[in-house]
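First the proteins, then the strands, lettered A, B, ... as listed; each starts at 1. Computation of the quantities below employed the complete heavy-atom set of this structure, encompassing side-chain atoms and omitting hydrogens, waters and symmetry-equivalent molecules.
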Amino acid sequence: DQQVKQNSPSLSVQEGRISILNCDYTNSMFDYFLWYKKYPAEGPTFLISISSIKDKNEDGRFTVFLNKSAKHLSLHIVPSQPGDSAVYFCAASVLGQGGSEKLVFGKGTKLTVNP
Amino acid sequence: DTGVSQDPRHKITKRGQNVTFRCDPISEHNRLYWYRQTLGQGPEFLTYFQNEAQLEKSRLLSDRFSAERPKGSFSTLEIQRTEQGDSAMYLCASSSTGGSEAFFGQGTRLTVV
């Protein structure tokens, strides 16, 4: 059962335009959401996060929006740059045993920004 | 470099052999996680340490897998009697108490032939 879903395996945008990556989740116990960026043969790099008590968080060119009622979040990148080309993972944090805040990941969306 | 470090980066082994991976977390982080990522999937949680105590294990972690974190510093993940299905990227992450942002290492790519 995929609790975090990224329904678009890939997305292609032109340099300078907006990239919008979407993510849906099913577990209402998730209280924190994160986006990671991953280049081939490397580990995920933390990008931006949002608490479930907020609906927007912005960091430079990156903004994450959270719609709790729809169980949906999105990552906006404006303006998109060729260096943003990577796989983007949406992740949700859930409290586990012993106080762990393990992450549940989606399958990722491959973003390609064309010059 | 003060990030999460993993060793080796790549490991090719024959089926049935044992392998061990090492993870050095960010020094001030007391939480350490292991994840596994297969092709086309996102990382999947394997196990969690708080300091030296292993407090959670996923059902993905079969009896052939064992993880340790002696003295609450570095961690090792051992796979015994490797199978082809164990081929994956093994990722280590660390975080501080109260911090949900986990920082990942570059991973160990395991190939079982």
Same hydrophobic cluster for [X] and [Y], using side-chain heavy-atom links shorter than 4.5 Å among ILVMFWY?
X         : Y        : answer
Leu11(A)  : Leu75(A) : yes
Ile26(B)  : Tyr90(B) : no
Val4(A)   : Val94(A) : yes
Val104(A) : Tyr88(A) : yes
Val19(B)  : Trp34(B) : yes

Taking all atoms of both residues into account, what is the closest heavy-atom pair of Phe89(A) and Gln37(B), and its distance?
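Heavy atoms only, the tightest pair is CZ-NE2, 3.2 Å.
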How close do Leu91(B) and Gly43(A) get, heavy atom to heavy atom, and via which atoms?
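Taking every non-hydrogen atom into account, CD2-CA, 3.9 Å.
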Residue pair [X] / [Y], side-chain heavy-atom distance below 4.5 Å:
X        : Y         : answer
Phe46(A) : Phe104(B) : no
Tyr35(B) : Phe105(A) : yes
Tyr48(B) : Glu101(A) : no

Which bit of Lys110(A) comes within less than 4.5 Å of chain B, counting heavy atoms only: side chain, backbone, both or neither?
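Contact with chain B involves no heavy atom of Lys110(A) at all.
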So which part of Ser100(A) gets closer than 4.5 Å to some heavy atom of chain B, the side chain, the backbone, both or neither?
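Its backbone and side chain both get close to chain B.
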So does [X] have more than 12 non-hydrogen atoms from other groups sitting under 6.0 Å from [atom1]?
X        : atom1 : value
Arg61(A) : CZ    : yes
Glu68(B) : CD    : no
Arg64(B) : CZ    : yes
Ile12(B) : CD1   : no

Of the listed residues (Glu42(A), Lys102(A), Gln6(A)), which shares the most heavy-atom pairs with chain B below a 4.5 Å separation?
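If we count pairs closer than 4.5 Å to chain B, Lys102(A) comes out on top.
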Chain A contact via Gln41(B) - which portion, at a heavy-atom distance below 4.5 Å
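Interface part for Gln41(B): both.
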Within this structure, what is the CG-CD distance for the pair Leu103(A) and Glu101(B), rounded to the nearest 0.5 Å?
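Result: 9.5 Å between the selected atoms.
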Contact residues of residues 106-113 of chain B (partner chain A; heavy-atom separation under 4.5 angstrom):
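Result: Gln106(B).
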Look only at the side chain of Arg9(B) and the backbone of Ala41(A), and say whether a donor-acceptor pair between them is shorter than 3.5 Å.
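Checked: pair present.
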